[in-house]
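Each remark here refers to the structure printed beneath this line.
Remember, it's 1-based here, ligands and their atoms both numbered in the order they're listed.
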Amino acid sequence: MSLAFCRDCFAAASVPAKGHFEQKRCRACNSPRLAYHPELDQLTIAHVDCDAFYAAVEKRDNPQLKDKPVIIGGGKRGVVATACYVARIYGIHSAMPMYKAIKACPHAVVLKPNITKYSAVGREIRKLFENVTPQVEPVSIDEAFLDLTGTERLHKQSAAVTMAKLAKRIEQEVGVTVSVGLSYNKFLAKIASDLDKPRGFSVIGQTDVIPRLAALPVSKIPGVGKVLQEKLKHDGIERISQLQTTDLGFLVDRYGKSGHWLANLAQGQDTRSVKPRSRAKSLSSETTFDTDISDKETLLRHLWRLCEKLAKRAKSGRKVGKTVTLKLKTADFQIRTRSRTLARPTQLSEILYVHSKELLLAEADGTAFRLIGIGLSGLHEDLEEQEVDLFDGVDERKTESERAIDLVRQKFGDQAIMKGRGMTKSTK
Ligand code: TTP
Ligand code: CA
């Protein structure tokens with residue numbers, strides 16, 4: 001199997017036995033999109049991520065938008081969900097307040113998100129992933145890890161060529177572009193897919209892992225959010241190169257378990273395997289009241305406790321889920337269920353609460369209820385340290401603080417920290 005090939009016509013390119021691969025264009029089709037890596041035929045863990053996903057779907061459906069700056073967002077929160085790559089030239093990015101985005105690019109086309117449509121496109125893409133390997137671990141609506149180990153014989157080509165063909169097929173059949181990262185573990189595949197966006201194809205192998213990581217800021221490590229970045233900065237660490245050379249003892253002293261994790265990732269070490277979606281479809285928790293309740297505040301207190309309970313189970317089972325369902329039973333035994341699907345999967349009580357609270361407030365109109373429950377479905381494996389929860393209306397500090405609370409509880413038990421909203425009025 002060749003160590004170089006064309007990403008447009010898939011012709012193999014010859015690699016000199018010694019010296020550098022310097023070929024600039026494909027000899028068969030003249031494309032400049034050549035992939036080369038000295039370990040290209042050995043790497044089998046891929047991460048695929050759609051480029052400017054929501055915007056790409058809208059551009060696909062309205063060709064007049066093709067070269068225009070397009071921003072998806074607005075709505076209640078008034079922030080940018082995503083901006084196409086044209087709009088990014090003006091400095092527009094996800095989570096930016098919409099008024100700032102419009103100021104930076106007044107002629108941008110602004111569209112409201114159509115999550116139902118994007119989810120359908122996401123499912124279509126996932127099916128194409130599953131055509132190349134059953135080992136597909138979805139990460140979010142538009143990205144997944146694929147383990148192609150052992151597929152080389154079946155496809156009669158390297159995992160690299162399989163992935164490049166898959167990227168082309170997604171473009172042709174679905175009409176959006178993706179970026180592919182290929183490496184020997186999940187962390188590196190994820191880092192790689194981000195290196196060459198959009199329509200990218202990046203490869204990281206054992207031979208180049210240290211310098212490739214060294215060049216990046218610590219913020220590129222999935223899970224290193226703003227709070228951890230600040231702490232690292234305070235210790236003079238802003239780049240992965242600095243993590244590579246910092247004494248492990250110091251990192252563990254300062255950051256505990258996370259110190260180990262950071263040190264390993266900085267060396268490109270990640271032992272997590274690609275885990276296809278789990279079969280358990282949902283988790284739920286409910287409580288029947290001693291006496292029927294119609295008071296909003298009391299219902300909300302019960303709801304918060306259920307969210308905490310459910311989040312705990314999701315975390316211990318290493319599950320994240322995308323659909324939050326509120327269940328209510330009225331005093332006369334009528335069951336009401338209300339659901340909401342999130343853009344990103346979650347396992348955090350804060351996020352479960354924000355969404356289920358809205359669902360509950362719409363129902364708490366004075367009706368007396370005898371039972372309240374909450375469910376989380378669309379489950380798949382937790383992404384461990386990844387930032388899966390940061391997008392759904394709860395700010396990053398809150399979710400990081402929840403993670404910090406979890407750590408304290410692991411050590412000292414559940415009662416070590418109680419959030420005010422779970423307490424009854426008399427104990428507050
Ligand atoms: P991302 O994969 O983070 O971003 P993207 O696909 O738009 O762009 P990139 O090319 O950099 O991958 O998110 C996927 C979709 O999730 C995105 O199109 C919109 C949505 N999203 C939000 O709604 N809010 C957010 O803050 C982010 C980051 C994404
Ligand atoms: Ca994306």
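- The line from CG of L34 to CZ of R27 is 9.0 Å long, rounded to the nearest 0.5 Å.
- In this structure, F21 CZ and L3 CG are separated by 9.5 Å, a value rounded to the nearest 0.5 Å.
- Ligand 1 places these atoms under 4.0 Å from at least one heavy atom of S94: 25 (C), 26 (O), 27 (C), 28 (C).
- Ligand 1 lies within reach of Y85, whose nearest heavy atom is under 4.0 Å from it.
- By the 3.5 Å distance cut-off applied to N or O atoms, D142 is counted among the residues near ligand 1.
- Cation-pi contact between R88 and Y85: present, with separation from the ring centre below 6.0 Å and deviation from the ring axis of at most 45°.
- Backbone and side-chain nitrogen or oxygen atoms of A55 are examined, and none is located within less than 3.5 angstrom of a nitrogen or oxygen of ligand 1.
- Under the 4.0 Å criterion applied to side-chain N and carboxylate O atoms, D8 and R33 are assigned as salt-bridge partners.
- The shell of residues lying under 4.0 angstrom from ligand 1, judged by heavy atoms, excludes P198.
- With G122, A81, G73, C50 as candidates, the residue nearest to atom 23 (O) of ligand 1 on a non-hydrogen basis is A81.
- One finds a salt bridge joining R344 and E143 here, because a Lys/Arg side-chain nitrogen approaches an Asp/Glu carboxylate oxygen to under 4.0 Å.
- When the Ca ion (ligand 2) is compared with the N/O/S atoms of D49, atom OD1 turns out nearest.
- Ligand 1 has at least one atom lying under 4.0 Å from a heavy atom of R88.
- For A52, the heavy-atom gap to ligand 1 drops under 4.0 angstrom.
- When you scan the N, O or S atoms of D142 for the one nearest the Ca ion (ligand 2), you land on OD2.
- For G268 against V209, the heavy-atom pair with the smallest separation is CA-CG2, 4.0 Å.
- Polar contact check, D51 against ligand 1: no nitrogen or oxygen pair lies under 3.5 Å apart.
- The shortest N/O to N/O separation between D49 and ligand 1 falls below 3.5 Å.
- Under 4.0 Å is where a charged nitrogen must lie from a carboxylate oxygen, and between E286 and K329 no such pair does.
- Here's the thing with V80: none of its N/O atoms is less than 3.5 angstrom from an N/O atom of ligand 1.
- Ring pair H47/F145 is tilted by interplanar angle, where 30° to 60° counts as tilted.
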